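Every value quoted in this text rests on a predicted model; they were computed, and no experiment measured them. First the proteins, then the strands, lettered A, B, ... as listed; each starts at 1.
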2 protein chains.
Amino acid sequence: MKSVTIKDIAKLAGVSRGTVDRVINNRGNVKKKVEEKVIKIAKELGYEKNIIASRLASTKVYKIAVVLPSPESDFFWDIPKEGILSALNLVKYYGIKVEFLEYNIFSSEEFTNQVTKAIECKPDAILMAPLFLKESEKLINIGEEEKIPFITINSELNHKNILSYTGQSSYHSGYLAGKLFDINLQHDDEVIVLNLAHEISNAPHYTDKVKGLIDYFKEHKTKHINVSWYEFDDFLNDEVLLRRFKETQNIHPEMKGIFFTNSRAYRLLDLLQKEEVEKYKIIGFDMIEPNLKYLQNGEIDFIINQNPFNQGYNGLMNFVNHFIHNREIKQQEYLPLDIVVKENVDFYYK
Amino acid sequence: MKSVTIKDIAKLAGVSRGTVDRVINNRGNVKKKVEEKVIKIAKELGYEKNIIASRLASTKVYKIAVVLPSPESDFFWDIPKEGILSALNLVKYYGIKVEFLEYNIFSSEEFTNQVTKAIECKPDAILMAPLFLKESEKLINIGEEEKIPFITINSELNHKNILSYTGQSSYHSGYLAGKLFDINLQHDDEVIVLNLAHEISNAPHYTDKVKGLIDYFKEHKTKHINVSWYEFDDFLNDEVLLRRFKETQNIHPEMKGIFFTNSRAYRLLDLLQKEEVEKYKIIGFDMIEPNLKYLQNGEIDFIINQNPFNQGYNGLMNFVNHFIHNREIKQQEYLPLDIVVKENVDFYYK
DNA sequence: TAAATAAATTTGCACGCGCACAATTTTTAA
DNA sequence: TTAAAAATTGTGCGCGTGCAAATTTATTTA
């Protein structure tokens with residue numbers, strides 16, 4: 001029952017444990033003859049490394065740099081960080097060091113700066129949400145030159161230097177929104193998509209969502225529901241936001257459904273009367289505090305939850321499985337599209 | 001940066017490592033005064049056990065007996081087992097031994113036998129789904145005498161010898177079903193609850209679900225939707241099942257919604273024509289293969305997913321956190337009530 | 001060629017914890 | 001007072017790694 005140790009091998013080979021260690025782990029500086037002998041004996045005895053002892057003795061620190069938007073600039077990002085910390089808690093004895101770097105979600109310069117800093121500290125990998133696509137591609141290329149692979153969450157991006165992606169399929173979340181409107185709207189109602197974002201960020205995910213929504217109604221025509229979409233890039237300005245919405249109302253008198261493509265539904269709802277909002281079926285993303293208020297009081301009908309906790313948790317676990325356990329990890333892992341309503345909201349992580 | 005070790009404590013307390021070890025791990029045989037001093041110093045230094053070293057030195061094997069229904073007798077139970085194995089994979093170096101014991105989901109005798117066997121092999125804890133409530137209570141009492149605590153999943157049961165429960169809140173799943181019917185049905189439609197189960201098993205969960213559904217429509221009366229409920233205990237007999245359903249149709253001509261309280265919606269749908277089923281809005285539980293077919297083809301409108309994977313995963317993790325990390329674990333952890341439709345089904349674990 | 005120096009290879013020990021057992025001190029009994 | 005028993009405390013081993021120290025081997029210099 002007792003398993004074979006390097007000590008057993010050392011004894012049989014007539015050398016010290018240190019020499020066996022150098023052979024087993026290819027550290028070099030061993031005479032050819034001795035090396036062959038040790039390998040032979042190890043094989044014969046069926047030696048298997050005791051990973052617990054190995055981890056205990058090793059001083060190797062795996063370093064992962066995490067570059068995410070600051071929760072101050074966008075509420076959503078509180079939870080992925082919790083997921084990362086929770087995963088870390090589980091594996092903290094494996095010698096993993098996490099370097100958190102935050103950037104303002106509206107600043108591509110800060111993003112670039114922080115990822116550059118991340119690369120400079122030469123981590124084993126960088127975990128990030130590549131919200132700025134053009135910048136991300138450049139930075140991932142730079143990382144590749146430095147042999148630093150990336151693990152991504154939240155925003156999908158294809159690049160051979162990305163080990164894994166964990167997050168939703170934007171297209172299908174839009175498609176799902178279509179279904180939800182379909183069962184809640186009437187014949188000839190209109191759905192309006194509102195993208196409250198500065199144009200610079202995240203464009204493909206927005207358009208994928210719209211595409212999904214439109215495709216749904218291409219495939220389900222019984223109710224003749226029409227879809228239009230608008231970008232409100234000056235959404236931080238109350239007055240402008242409200243004016244643009246009123247304009248949209250005028251253009252679309254049959255507007256009955258509003259699809260917010262991100263977590264910022266609350267921005268507009270903050271400016272409208274409850275009675276007015278109740279005329280619409282509203283779907284938004286993310287269980288952040290200001291949205292939850294409106295879900296509870298009935299102004300938001302559905303929230304599509306992006307599993308922010310698991311984005312962080314699985315992202316870090318991908319790192320662990322790849323670097324520490326040498327396991328295969330999935331190149332992309334699409335997280336569930338959770339349909340959150342008032343009646344089940346309490347059971348989701350928030 | 002260097003962490004505090006028992007050696008540090010021993011030095012400061014003027015005792016040997018062995019004594020510190022005895023204090024830290026409550027092994028007794030230490031003078032009161034010395035014990036107090038060691039505890040005080042450990043606290044001051046913020047000592048945290050290095051569980052890698054601890055596991056390396058320890059010869060203790062943690063044994064957990066897992067008693068679940070066999071997947072052969074009920075499809076659902078494939079996935080919790082996968083969750084357990086996945087968690088195990090993550091923590092396998094901690095010296096955890098799992099003993100799997102299966103029982104036919106329809107046999108309370110087999111259940112009793114297997115839990116009894118589990119108790120006999122004297123594990124550190126038993127992880128089980130207490131589907132048979134009367135039997136479970138008796139068995140948990142016996143376990144208590146033997147000082148074997150229980151970790152439960154799927155079916156909630158209150159007992160002081162249960163360390164934790166991971167699963168859904170039955171009441172709220174019924175309440176959520178109410179909401180889903182409410183947005184899909186018309187004025188004066190009727191909802192029928194069908195419980196396809198032998199009466200012996202799981203009664204409270206069934207009644208809690210019905211109670212949740214009824215409460216929903218007590219609180220939301222605008223559509224005047226009426227709820228009735230029936231138990232089809234001979235559901236394995238095609239002929240009887242079909243006859244009883246036809247009877248129910250006759251009694252309830254306004255029946256437009258059907259709520260299956262468990263995963264057996266497919267049993268009835270297997271016997272009906274698609275055209276007939278399409279007259280009804282149908283809600284069932286669990287993403288098992290035969291149900292998925294009907295979700296895909298539109299016969300089932302909503303499936304409430306019970307997170308079977310996480311039931312297993314979290315159940316085992318609760319064991320690890322309690323016994324190995326000595327962490328507080330939640331006495332009850334309600335899992336999300338996932339609303340699964342055709343459009344998001346591919347993104348849930350199955 | 002031998003001594004001196006450099007390079008290559010090998011050894012030995014600490015690391016942190018739990019456990020078994022040895023050693024010591026204290027208490028009890030004779 | 002002394003021996004025996006009980007209570008308490010101390011010590012060394014195990015596991016793989018990494019580093020300093022030691023030893024062996026190769027090369028250079030006089």
Side-chain angles (χ1 to χ4, degrees), chain A residues 1-39 41-43 45-62 92-97 323-326, chain B residues 1-39 41-42 45-62 91-96 124 323-326:
Chain A
M1 207 68 246
K2 200 191 148 294
S3 49
V4 181
T5 71
I6 48 166
K7 201 182 168 192
D8 301 329
I9 299 171
K11 209 172 188 179
L12 275 170
V15 297
S16 72
R17 290 172 349 195
T19 301
V20 176
D21 173 66
R22 258 169 291 116
V23 174
I24 299 283
N25 297 292
N26 285 312
R27 291 190 230 283
N29 298 320
V30 181
K31 245 192 233 163
K32 252 284 166 49
K33 263 188 149 177
V34 177
E35 182 173 5
E36 282 163 10
K37 193 175 177 187
V38 168
I39 289 174
I41 293 172
K43 219 171 235 168
L45 297 185
Y47 171 77
E48 272 182 63
K49 189 190 286 191
N50 179 333
I51 302 214
I52 293 280
S54 171
R55 271 312 315 163
L56 174 63
S58 175
T59 54
K60 164 137 189 71
V61 173
Y62 291 90
K92 63 177 161 188
Y93 301 104
Y94 290 167
I96 296 168
K97 206 170 142 50
F323 285 96
I324 296 180
H325 294 121
N326 292 313
Chain B
M1 208 68 247
K2 200 189 146 293
S3 51
V4 181
T5 71
I6 49 167
K7 203 179 165 189
D8 301 329
I9 299 171
K11 207 171 187 178
L12 274 170
V15 295
S16 73
R17 290 163 24 234
T19 301
V20 177
D21 172 63
R22 271 180 294 263
V23 174
I24 299 285
N25 297 293
N26 284 312
R27 291 190 230 284
N29 298 319
V30 180
K31 237 192 236 165
K32 252 281 165 44
K33 262 189 151 175
V34 176
E35 182 173 3
E36 282 163 7
K37 192 173 178 190
V38 168
I39 288 173
I41 292 172
L45 297 185
Y47 171 77
E48 272 182 64
K49 188 189 288 190
N50 178 335
I51 59 162
I52 291 281
S54 169
R55 273 310 314 162
L56 177 63
S58 173
T59 53
K60 166 142 187 66
V61 172
Y62 291 89
V91 296
K92 63 178 161 191
Y93 302 109
Y94 291 168
I96 296 168
D124 295 278
F323 285 96
I324 296 180
H325 295 120
N326 291 313

*How many angstroms lie between atom CD1 of A/Ile24 and atom CD1 of A/Ile9, to the nearest 0.5 angstrom?*
4.5 Å
*Take the protein atom CG of B/Asn29 and the nucleotide atom C1' of C/dT25, then report the distance between them rounded to whole Å.*
14 Å
*Between C/dT10, C/dC19, D/dG10, spot the one nearest the side chain of A/Val34, thanks.*
C/dT10
*In terms of ring plane angle, is the pair A/Tyr62 and A/Phe323 parallel, tilted or perpendicular, where the classes change at 30° and 60°?*
tilted
*Tell me whether the OP1 or OP2 atom of D/dG10 has a side-chain N or O from B/Thr19 closer than 4.0 Å.*
yes
*Whole-Å gap separating P (C/dT11) and CZ (A/Arg27)*: 16 Å
*asked:* With nearest nucleotide decided by heavy atoms, which residue, B/Arg22 or A/Asp21, maps closer to the 5′ end of DNA chain D?
replied: B/Arg22
*How is A/Val30 classified with respect to the nucleic acid when contacts are heavy atoms under 4.0 Å: base, sugar-phosphate, or nothing?*
sugar-phosphate
*In whole angstrom, give the distance that lies between atom CG of A/Asn50 and atom P of D/dG14.*
14 Å
*Could you tell me whether the phosphate oxygens of C/dG16, OP1 or OP2, come under 4.0 Å of any side-chain nitrogen or oxygen in B/Ser3?*
no
*Where the side chain of A/Ala53 is defined as all heavy atoms beyond and including C-beta, which of D/dG18, C/dT10, D/dC15 is the nearest nucleotide?*
D/dC15
_Please report the interatomic distance OH(A/Tyr94) to CD1(A/Ile51), rounded to the nearest 0.5 Å._
8.0 Å
*Can you tell me if the side-chain N/O atoms of A/Asn25 get under 4.0 Å from OP1 or OP2 in D/dT17?*
yes
*asked:* In this structure, how many angstroms lie between the P atom of C/dG16 and the CD1 atom of B/Ile24, rounded?
replied: 14 Å
*Atom NZ of A/Lys31 and atom C1' of D/dT23: how far apart are they, to the nearest Å?*
11 Å
*Would you say a side-chain N or O of B/Lys49 is under 4.0 Å from OP1 or OP2 of C/dG18?*
yes
_Closest approach of A/Ser3 to A/Asp8 (non-hydrogen atoms, all atoms of both residues)_ = O-OD2, 3.9 Å
*Tell me: CD1 of B/Ile51 to P of C/dG18, nearest whole Å?*
11 Å
*asked:* It should be established whether A/Lys32 places a side-chain nitrogen or oxygen under 4.0 Å from OP1 or OP2 of nucleotide C/dT9.
replied: no
*Measure from OH on A/Tyr47 to C1' on D/dT17 and round the result to the nearest Å.*
10 Å
_Of the listed nucleotides (C/dT11, D/dG18, D/dG14), which one gets closest to any side-chain atom of B/Ala57?_
D/dG14
*asked:* Show the nearest heavy-atom pair for residues B/Val38 and B/Ala13, with the distance to one decimal.
replied: CG2-CB, 4.1 Å
*Cationic tip of B/Lys49 above B/Tyr47 ring, under 6.0 Å, 45° of axis*: no
_In this structure, how many angstroms lie between the C1' atom of C/dC15 and the CD1 atom of A/Ile6, rounded?_
14 Å
*Quick one: is A/Ser58 getting a side-chain N or O under 4.0 Å of the D/dG18 phosphate, OP1 or OP2?*
yes
*Of all of residues 7-17 of chain B, which get a heavy atom below 4.0 angstrom from DNA chain C, listed by number?*
B/Lys7, B/Arg17
_Tell me the closest heavy-atom pair linking A/Glu35 and A/Val30, and the distance in Å._
N-CG1, 3.9 Å
*Are more than 12 heavy atoms from other residues, nucleotides or ligands located less than 6.0 Å from atom NZ of A/Lys60?*
yes
